[in-house]
Chemist: 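Dropping the structure in here first, questions after.
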Amino acid sequence: GAVEAAYEVRITPLDGTVLLVFRDLTEAQAGASQRRDFVANVSHELKTPLTAIAGFIETLQGPARDDPAARGRFLAMMAQEVARMDRLVSDLLSLSRLEGQARRRPTDRLDLAALASEAAGLLRPGAEAEGVRIALDLPEAAPVQGDRDQLMQVLSNLIENAVKYGARPGRVTLTLQPVAREPVLRARAWRLEVADDGPGIAPEHVPRLTERFYRVDTGRSRAQGGTGLGLSIVKHIVNRHRGRLRIESAPGEGTRVSVILPAA
Ligand code: ADP
């Protein structure tokens, strides 16, 4: 919800004059309101699969009780809803862990090129089953300082999104290039790009995609098993690595997500 400016005013008599103390509470209240929105969103996201499961149980106890084929179908749908809740809870735990780690920069020396090729290898069979090719353009090595699991999560979230929301048949390109002097980081860096040839995203949505639970098309995201938290997790991980995240997209021109990480 929107928060207007909020102030606390204290009036204290002092030696025949009056002391007025103003305290700006706007930010604290905005924080509280964001937390309330977040709890409401999480509750809603958990309630959706629970309602579906409750409905399936009712059907299994009633109309589908003596129909083995229907029973199998409903159990499969219940398993799907349970898997969705499991993903949601895992994503929420990742986010909460990341918030606690925000100030601690990871220090392990890693090769981003090797991670990118590993992530692509893991996701390729699933993508190809959907008619999507994953093409790689990677250097021999790309040393960075980072957290292996978290960078793998960035790679898989971005590749999975490109496959999910890209064209059918389609092509996802993963490129990694050196940047001699990144202007904002003022240092040598690596630019990792995941690009798809999907329908793209209308400009008004692009700046909001990293907000928790923000989706362009909720039905589509849910149908694809999305939690609405993937890009928010990516943003947290990139920030923790002192990197930058950029999303470029235009309707009809596909989407390109770049992650820029300081070189080690
Ligand atoms: P989700 O679990 O819904 O995929 P994300 O946080 O990963 O959540 O992404 C948020 C939303 O951004 C998605 O629901 C989708 O609408 C949009 N999106 C993300 N990646 C792409 C892409 N490559 N092409 C088009 N839309 C995308």
Side-chain angles (χ1 to χ4, degrees), residues 34 37-38 41-42 44-49 52 80-99 116 119-120 122-124 126-127 130-136 150-175 191-240 243-259:
Q34 269 170 22
D37 284 353
F38 179 61
N41 278 329
V42 170
H44 176 74
E45 296 291 336
L46 285 169
K47 204 100 179 112
T48 307
Q80 225 174 60
E81 295 301 322
V82 169
R84 170 196 304 288
M85 290 181 76
D86 190 58
R87 270 196 306 275
L88 180 60
V89 172
S90 302
D91 279 358
L92 286 168
L93 284 171
S94 297
L95 265 181
S96 130
R97 207 172 312 124
L98 280 163
E99 278 170 355
L122 289 170
L123 296 172
R124 187 169 278 128
E130 301 254 332
V132 180
R133 282 198 49 210
I134 301 181
L136 298 181
Q150 290 182 356
L151 292 180
M152 281 298 277
Q153 177 147 38
V154 166
L155 283 156
S156 54
N157 284 4
L158 296 183
I159 299 171
E160 277 169 0
N161 276 353
V163 173
K164 274 196 297 194
Y165 303 110
R168 292 283 182 284
R171 184 188 166 89
V172 170
T173 352
L174 188 58
T175 55
R191 180 202 307 276
L192 172 83
E193 286 183 357
V194 180
D196 64 58
D197 50 6
I201 306 164
E204 66 269 24
H205 296 295
V206 174
R208 301 197 58 192
L209 297 179
T210 56
E211 289 174 23
R212 295 156 169 173
F213 298 119
Y214 191 87
R215 293 145 158 145
V216 176
D217 177 344
T218 306
R220 170 123 193 244
S221 158
R222 288 230 171 87
Q224 302 262 20
T227 61
L229 295 174
L231 286 177
S232 164
I233 291 173
V234 166
K235 189 185 79 180
H236 275 82
I237 295 176
V238 171
N239 285 347
R240 182 177 181 226
R244 301 179 60 207
L245 175 69
R246 208 161 97 195
I247 304 173
E248 294 161 285
S249 188
E253 285 176 28
T255 300
R256 176 194 307 272
V257 183
S258 326
V259 171

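Since the structure is predicted, the reported quantities are computational estimates derived from the model, not experimental observations. Index from 1, following the sequence. Start at 1 and go down the list; that is how both ligands and their atoms are numbered.
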Chemist: Report yes or no: does a heavy atom of Asn157 sit under 4.0 Å from some atom of ligand 1?
Modeler: no
Chemist: Minimum heavy-atom separation for Ala202 and Pro251, please, with both atom names.
Modeler: CA-CG, 4.0 Å
Chemist: Can you report which non-hydrogen protein atom sits closest to atom 4 (O) of ligand 1, along with the distance?
Modeler: Tyr165 OH, 2.7 Å
Chemist: Apply side-chain hydrogen bond (donor to acceptor under 3.5 Å, both in side chains) to Arg244 and list each qualifying residue two or more places apart in sequence or on a separate chain.
Modeler: Glu182
Chemist: Going by the atom numbers of ligand 1, which of them fall below 4.0 Å from some non-hydrogen atom of Gly228?
Modeler: 1 (P), 2 (O), 3 (O), 6 (O), 8 (O)
Chemist: With atoms numbered from 1 as shown, which atoms in ligand 1 lie under 4.0 angstrom from a non-hydrogen atom of Thr227?
Modeler: 2 (O)
Chemist: Any donor-acceptor pair under 3.5 Å linking the side chain of Ser90 with the backbone of Asp86?
Modeler: yes
Chemist: For atom 7 (O) of ligand 1, find the nearest protein heavy atom and state the residue, atom name and distance (0.1 Å precision).
Modeler: Asn161 ND2, 2.9 Å
Chemist: Please confirm whether Gly198 approaches ligand 1 to less than 4.0 Å, judged on its heavy atoms.
Modeler: no
Chemist: How close does the nearest protein non-hydrogen atom get to atom 3 (O) of ligand 1, and which residue and atom is it?
Modeler: Ser221 OG, 2.6 Å
Chemist: Counting only N and O atoms by type, is there a donor-acceptor contact under 3.5 Å from the side chain of Glu81 to the main-chain atoms of Ala52?
Modeler: no
Chemist: Could you list the atoms of ligand 1 found under 4.0 angstrom from a heavy atom of Leu229?
Modeler: 6 (O), 8 (O)
Chemist: Mark up the atoms of ligand 1 that fall under 4.0 Å of a heavy atom belonging to Leu209, in ascending order.
Modeler: 12 (O)
Chemist: For Ser232 and ligand 1, does the shortest N/O to N/O distance drop below 3.5 Å?
Modeler: no
Chemist: Measure from the side-chain N and O atoms of Arg215 to the backbone N and O of Thr227, and report whether any donor-acceptor pair falls under 3.5 Å.
Modeler: yes
Chemist: Considering only heavy atoms of Val216, which atoms of ligand 1 have at least one such atom less than 4.0 Å away?
Modeler: 16 (O)
Chemist: Tell me which part of Lys164 gets within contact of ligand 1: side chain, backbone, both or neither, using heavy atoms under 4.0 Å.
Modeler: side chain
Chemist: If you count the atoms of ligand 1 from 1 in the order shown, which ones are under 4.0 Å from a heavy atom of Tyr214?
Modeler: 10 (C), 11 (C)
Chemist: Taking all atoms of both residues into account, what is the closest heavy-atom pair of Gly254 and Ser249, and its distance?
Modeler: O-OG, 3.2 Å
Chemist: Relative to atom 25 (C) of ligand 1, which among Ile201, Asp91, Leu231, Asp217 owns the nearest non-hydrogen atom?
Modeler: Ile201
Chemist: So, are Arg222 and Glu45 salt-bridged, with charged N and O less than 4.0 Å apart?
Modeler: yes
Chemist: Could you check Val194 against Thr255 for side chain to side chain contact (heavy atoms under 4.5 Å, CB included), going step by step and ending with a plain yes or no?
Modeler: CA-CA 8 Å; Val194 180; Thr255 300; over 6 Å; no
Chemist: Give the residue, atom name and distance (to 0.1 Å) of the protein heavy atom nearest atom 23 (N) of ligand 1.
Modeler: Asp196 OD2, 2.8 Å
Chemist: Just wondering, more than 12 heavy atoms not from Arg246 lying within 6.0 Å of its CZ?
Modeler: no
Chemist: Do the charged groups of Arg212 and Glu99 touch, with an N to O distance under 4.0 Å?
Modeler: yes
